[in-house]
Protein chains: 2
Amino acid sequence: MNKKKVSLKDIAEKAQVSTALVSYVLNGKEKESRVGHEIAAKIKAIAREFNYEPNYLAKSLRSGKTQTIGLIIADISNPFFANIARIVEDEAKKYGYTVIIGSSDEQAEKSWDLINVLLNRQVDGFIIVSSENTEEQIQYLIDKNVAFVLLDRHFPDLPTDFVSLDSHKAAFDAGAHLIEQGYRNIGLIAYKSRLFHMKERIRGYRDSLEVGQIAFQPEWLKEVAFHTVEEEIKAGIDDMLASDHKVDALIFATYRLAIAGLKYINSLGLKVPDDLAIVSFGQAEAFDLYYCPITYVLQPMEELGKTAVEILVSKLKNSNAEQQQILMQAQVMVRDSSRLKVPVA
Amino acid sequence: MNKKKVSLKDIAEKAQVSTALVSYVLNGKEKESRVGHEIAAKIKAIAREFNYEPNYLAKSLRSGKTQTIGLIIADISNPFFANIARIVEDEAKKYGYTVIIGSSDEQAEKSWDLINVLLNRQVDGFIIVSSENTEEQIQYLIDKNVAFVLLDRHFPDLPTDFVSLDSHKAAFDAGAHLIEQGYRNIGLIAYKSRLFHMKERIRGYRDSLEVGQIAFQPEWLKEVAFHTVEEEIKAGIDDMLASDHKVDALIFATYRLAIAGLKYINSLGLKVPDDLAIVSFGQAEAFDLYYCPITYVLQPMEELGKTAVEILVSKLKNSNAEQQQILMQAQVMVRDSSRLKVPVA
DNA sequence: GTTTTTTGTTTAATCGATTAAACATACATT
DNA sequence: AATGTATGTTTAATCGATTAAACAAAAAAC
C-alpha cells in the first residue's frame, strides 16, 4: 500500500543516465566500473534526495540470497525458546540477517510444514531445534544442500553442524550435586523421547548414581509423554513417593516439567527441600519467585544462540567451511532447593 | 544453496508449451483462460512430478505483495509478548501470512529501525505494540499509507485501528476487588511512561479508590523508569511501607513489575497476603508457582492477538475497510493473594 | 596519422512469475 | 464463400535490480 517506492529507474531518469550507472554507484562499484566523478556525485545526490531504498525482493530474486534465516523452535511461548529466539534475532541482525521464527510444537509434521514454507520463502539457511523423528527432514536438507545448524539438540548419527549442551555432563553434575548434599534416593522426571539430549540426560543421571554408589531403582525414573505431562507427572511423583525407596530429591529434565512438577508438589503440601529436594534444567523467573529458590542447571543460552548464528553465517559465506560440532558446558547454580540434607532424627 | 529449483520454465519446456499456459493452469485459471483439457492435465502431472513450488520472491516482486506481516513488540523474551507472538504467528498462518518478529526493547529508536528494515523487506502490513514516543512513526506509516494495527497499546489522539485492553476498567476492577476484600491502603506500582494504557491503569486505580471513598495518598503511587526497575521498586516499596498510611495491598501494573516486586517482597520476609495483598496484571506461570497464588488481571490474549490479525488481514484485502478501534475487557482472576483481609486483632 | 589503450556509458539478458494482448485455428452462421 | 465467434496458445511487457558485454569517444602510443 505504500506510495509508489522510488526505484533505480526513477533515479536514472532524473539523472539522465542508464540504470546500470545508478546501480554501480549505489553499490560502491564506481571504481571498478569507472564511473565519472561528476555523474557519480549527481547520482548519489539524487538518491539521497529521493530517499532511495533498494527493493529487497528484486535484489534477492537476482542474487538468490534473501539475507533471511529460518529459526525453527518448539514453541516461542516457552521462555526457554523465547530467550533463544531473542538472542538469535539480535545476533543475526548484526550480520545483516532477518530471522523468521516458526513453532513446531515438537511435532514432526509441523516441522516439515515450516521447513517447506521457509524454503519457499527462500530463506538462506536454518537454525533448528529439532523435534523427535525429524531425522529425515534433516537428511532432506543435507541432500538439498541447504545450509543449517542444529541448536540445543542434535542427532549423533547425522553428519551436521550443531551447537548443543553437554547434557550427559549436566545431568551427571546435577545428580552428583544432590548426592554430595546428602540425598540418596534421587528421582528423575524426563520426557519420553528418542531425542539424544534427553537420553543423555537420563544417562548422565544414572551415571551419577553409579559413581555415587547408589543402586538405581526403576521407579525413580519417569519418562512422561509430551502431551500428557500433567497427569503423568502426578502419577509419577505419587509412585516415587509411595516407593519402598521413597525419593528425597528430584531432578527435572526441562523447565516445563519442573513447572508442572512443582505445582503438583505444592498441592501435595510437600516442603522443598525438607520433604523433597529439587534440581531443574532451565533457569526461569519462576524459580526465583518460588518460596524456596530452585537449584538449576544454567545453560549458556547466550553463547548457544550466538554460536549457532556465527556458524550458520560462516557457512553461508563459504559453503564448504569445516563442519562444527560444539558441546557447551552447563553449570549447576546452587540455591536453597538442594541445601544440605538434614538427617531425619 | 539449494539444488537449482524447478521453475515454470522447466515445466513449460518439458510440456512443450509456453510458460503462460503453465502459469494459468497452476493458478487454477484454466477456465478463464480456456486451456485445453489434455494440456492442462499434462502440465499438472509434470508439475507434480517435478515437485514444483513457485518462487515467492518472483511472485511477490510481480504482485507487490509478500504475504508477510511485521510484528513489532517490546521483547520476545518477555512471556507476555512471546504469548502474543505465538498467537499472531498461528493466526496469520491460517490466512497464508508469515510473520517477522522484531523486538524494540521499548526504545523508539529501535522501533524506527525495525519499521525501516521490515518496510524494506516489503512486509504487507504491521502489527505493532507501540513504545513510548513513537507517535511520529505511526504518523509516518499513516502518511505512507501502510496498513497496520496497534496491539495492546494505542494512541488516543491518532486515528488508527487498534485492539487494546480497557486498562482503565481493568485497573479499576483490580482496585475495587481489593477494597471489597477489606484492604484500605492500596498502592500501585506502574511504569513511568507517557503511554496511554499505563496512564489509564493509573487512572483506573485512582478512580477505584475514589469510588471506594478512600483518600489517595501520594506515596501509594510509584511510577518507575523502565531501565531502573529493580532499584526503584525497592525504594518504592520501602517508602510505601514506611508511610503513615502503610500499604496493606499492592497492585502491579505489569508482569515484569510484579516479578521484580515479589522478589523484593520475598526478600523482606513479608507474607502475602497477610502482610501485603497482591494483584497483578499479566498472568504467568510464575504466579501459579508462588507459595500464595497471585490474583491477576487476565487479559484475553488469544482474542487480542487473533483480532489484530483479523483486522490487519481485512485491511490488506480491502484497503478502505472501516477503521476498527477495539477495547477488550480483562477479568480479575481471584486467587489467594487477595483473600479477605483478616482484621488486625 | 594510424593504431592501441583508457575511460565512460549504454544495452540487453537475467532472476521467476503474471497477464493483457496478439495470434491462430476450428466451428458456426447466414 | 464470406463472416463471425469460440477455443486454444503464444508473445512480450512487467515487477526492480545486477552485470557481462558492447559501444563510443578521448587519450596515449608509435
Side-chain angles (χ1 to χ4, degrees), chain A residues 1-44 46-47 50-68 119-122 124, chain B residues 1-44 46-47 50-68 119-122 124:
Chain A
M1 297 291 117
N2 317 7
K3 273 177 203 169
K4 56 197 176 300
K5 277 197 56 165
V6 181
S7 73
L8 271 196
K9 210 169 156 191
D10 299 324
I11 298 180
E13 269 165 22
K14 173 82 173 184
Q16 312 248 50
V17 296
S18 68
T19 62
L21 275 197
V22 180
S23 175
Y24 289 138
V25 170
L26 297 183
N27 285 300
K29 300 200 176 149
E30 336 173 12
K31 292 279 157 54
E32 303 98 293
S33 309
R34 35 184 210 278
V35 180
H37 284 73
E38 289 155 49
I39 298 273
K42 188 174 175 189
I43 289 172
K44 282 183 192 162
I46 295 176
F50 282 14
N51 224 317
Y52 171 75
E53 291 287 350
N55 182 321
Y56 260 78
L57 292 175
K59 264 182 131 94
S60 298
L61 179 58
R62 186 87 219 291
S63 66
K65 308 249 164 282
T66 54
Q67 295 290 110
T68 303
L119 277 178
N120 268 8
R121 299 244 166 205
Q122 322 288 133
D124 292 341
Chain B
M1 297 291 118
N2 318 7
K3 272 178 201 166
K4 57 198 174 303
K5 276 197 55 166
V6 182
S7 72
L8 272 195
K9 211 167 154 193
D10 299 323
I11 298 180
E13 268 165 22
K14 173 82 174 186
Q16 311 246 51
V17 295
S18 67
T19 62
L21 276 197
V22 180
S23 174
Y24 290 138
V25 171
L26 297 183
N27 286 300
K29 302 201 175 149
E30 334 173 13
K31 292 278 156 56
E32 304 96 294
S33 310
R34 33 183 211 279
V35 180
H37 284 73
E38 289 157 50
I39 297 273
K42 188 174 176 187
I43 288 172
K44 281 182 193 164
I46 295 175
F50 281 14
N51 225 316
Y52 171 74
E53 292 286 351
N55 182 321
Y56 261 79
L57 291 176
K59 264 181 131 94
S60 299
L61 180 58
R62 185 84 219 288
S63 67
K65 309 252 164 280
T66 52
Q67 295 290 112
T68 304
L119 277 179
N120 266 9
R121 300 246 167 202
Q122 322 287 135
D124 292 341

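Quick note: numbers below take in every heavy atom, side chains included, and nothing from hydrogens, waters or symmetry partners. Throughout, protein chains are lettered first and strands after them, A, B, ... in sequence-line order, and every chain is numbered starting at 1.
Across C:dG16, D:dT10, C:dT10, the shortest atom-to-atom separation from the side chain of B:Ser7 is found for C:dG16. Of all nucleotides listed (D:dT10, C:dA17, D:dT19), D:dT19 comes nearest to the side chain of A:Lys29. Comparing atom distances between the B:Leu61 side chain and each of C:dT10, D:dG16, D:dT19 picks out D:dG16 as nearest. Closest to the side chain of B:Tyr24, from the set D:dA17, C:dA21, C:dA17, is C:dA21. Looking at the side chain of B:Ala58, the nearest of the listed nucleotides C:dG16, D:dA17, D:dT19 is C:dG16. The side chain of A:Leu8 approaches D:dT18 more closely than any other nucleotide in the set D:dT18, C:dA17, D:dT11. Ranking D:dT9, C:dT11, C:dA17 by closeness to the B:Arg62 side chain, first place goes to C:dA17.
Rounded to whole angstrom, the span from the NZ atom of B:Lys59 across to the P atom of C:dT19 amounts to 9 Å. Here the P atom of nucleotide C:dT10 and the NZ atom of A:Lys9 are 15 Å apart, to the nearest Å. Spacing between atom CD of B:Glu32 and atom P of C:dA20 amounts to 11 Å, rounded to whole angstrom units. Distance, B:Tyr56 OH to C:dA17 C1': 13 Å, rounded to whole Å. The interatomic distance linking A:Gln67 (CD) with D:dA17 (P) rounds to 16 Å, in whole Å. The NE2-P distance, from B:His37 to D:dT9, rounds to 11 Å in whole Å. Atom pair A:Leu21:CG and C:dG8:C1' shows a separation of 8 Å (rounding to whole Å applied). In this structure, B:Gln122 atom CD and D:dA17 atom P are separated by 9 Å, rounded to whole Å.
Counting only heavy atoms from C-beta outward, the side chains of B:Tyr56 and A:Leu57 never approach each other to under 4.5 Å. Counting only heavy atoms from C-beta outward, the side chains of A:Tyr52 and A:Lys5 never approach each other to under 4.5 Å.
Of the N and O atoms on the side chains of B:Arg121 and A:Thr66, not one donor lies less than 3.5 Å from an acceptor on the other residue.
Within the structure, a side-chain polar atom (N or O) of B:Ser23 is placed less than 4.0 Å from OP1 or OP2 of C:dT18. Note on B:Asn27: a side-chain N or O is less than 4.0 Å away from OP1 or OP2 of C:dT18.
B:Ser63 places a side-chain N or O within donor-acceptor distance of the main-chain N or O of B:Lys65, the cut-off being under 3.5 Å. A:Asp10 places a side-chain N or O within donor-acceptor distance of the main-chain N or O of A:Ser7, the cut-off being under 3.5 Å.
The base of D:dA17 does not come close enough to the side chain of A:Tyr52 for any donor and acceptor atom to sit less than 3.5 Å apart.
Sequence order on DNA chain D of the closest nucleotides to B:Arg34 and B:Ser63 puts B:Arg34 first from the 5' end.
Under a cut-off of 6.0 angstrom, the local environment of CD in B:Glu32 is crowded, with over 12 non-hydrogen atoms contributed by other residues, nucleotides or ligands.
A:Ile39 comes within contact range of the sugar-phosphate backbone alone, with a heavy-atom separation under 4.0 Å but no base atom that close. At the heavy-atom level, B:Ser60 lies nowhere under 4.0 Å from the strands shown. Residue contacts for A:Val22: at a heavy-atom cut-off of 4.0 Å it reaches no nucleic acid atom on any strand shown.
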